[in-house]
Engineer: 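Have a look at the structure that comes next, please.
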Amino acid sequence: MAKSAFANIDARVRCPTEDCWGELLLLPTGAQDVDGIPEFQPYTVCPLCANTFPIEDDMTDRDLYLRVSWLRANPHAADGDA
């Protein structure tokens, strides 16, 4: 799954496992850059079915964090406004 799939206001993705209603989250590594933006693990785990999914690096952690932050600060903005 692509990291950009998490670029939504909730920063979540529905688990792709059939018949699972879990939501996947980004898992921080504990490291951060000089501006305090966190780095994320290259995988995620579903809290309900316990399946692990690799995350494809199609965008940087910084870009993802800033995109999610912008969406949260502008919840009524159109998708193309960013």
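Given the structure is predicted, the values throughout are model-derived calculations rather than measurements.
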Engineer: Applying side-chain hydrogen bond (donor to acceptor under 3.5 Å, both in side chains) as the test, list every pair that has at least one member in residues 42-53; sequence neighbours left out.
Structural biologist: Thr17-Asn51

Engineer: Got a sec: does the OH of Tyr65 have more than 12 other heavy atoms crowding it under 6.0 Å?
Structural biologist: no

Engineer: Would you mind writing out the side-chain donor-acceptor pairs for residues 35-42 within the sub-3.5 Å range, not counting sequence neighbours?
Structural biologist:
from	atom 1	to	atom 2	distance (Å)
Asp35	OD2	Arg62	NH1	3.1
Asp35	OD2	Arg62	NH2	2.9

Engineer: Using the side-chain contact (heavy atoms from CB on, under 4.5 Å) definition, which of the options Asp61, Val13, Thr60 pairs with Lys3?
Structural biologist: Asp61

Engineer: Leu24 and Pro16: which non-hydrogen atoms are nearest, and at how many Å?
Structural biologist: CD1-CD, 3.9 Å

Engineer: Mind checking the SG-CD spacing from Cys49 to Glu18? Nearest 0.5 Å is all I need.
Structural biologist: 11.5 Å

Engineer: Could I get the full list of side chain to side chain donor-acceptor pair (under 3.5 Å) partners for Glu23, not counting sequence neighbours?
Structural biologist: Arg12

Engineer: Taking all non-hydrogen atoms of both residues, which atom of Arg72 and which atom of Ala11 are closest, and how far apart?
Structural biologist: NH2-CB, 3.9 Å

Engineer: Can Phe6 be reached from Val68 by stepping across I, L, V, M, F, W or Y side chains whose heavy atoms are under 4.5 Å apart?
Structural biologist: yes

Engineer: Over all heavy atoms of both residues, which pair between Cys20 and Arg14 is shortest? Give the atoms and the distance, please.
Structural biologist: O-CD, 4.4 Å

Engineer: For the residue pair Ala2 and Asp58, what are the closest heavy atoms and their distance?
Structural biologist: CB-OD2, 3.3 Å

Engineer: Check the hydrophobic clustering (I, L, V, M, F, W, Y; side-chain heavy atoms under 4.5 Å; chains of links allowed) and say if Phe53 and Met59 are grouped together.
Structural biologist: yes

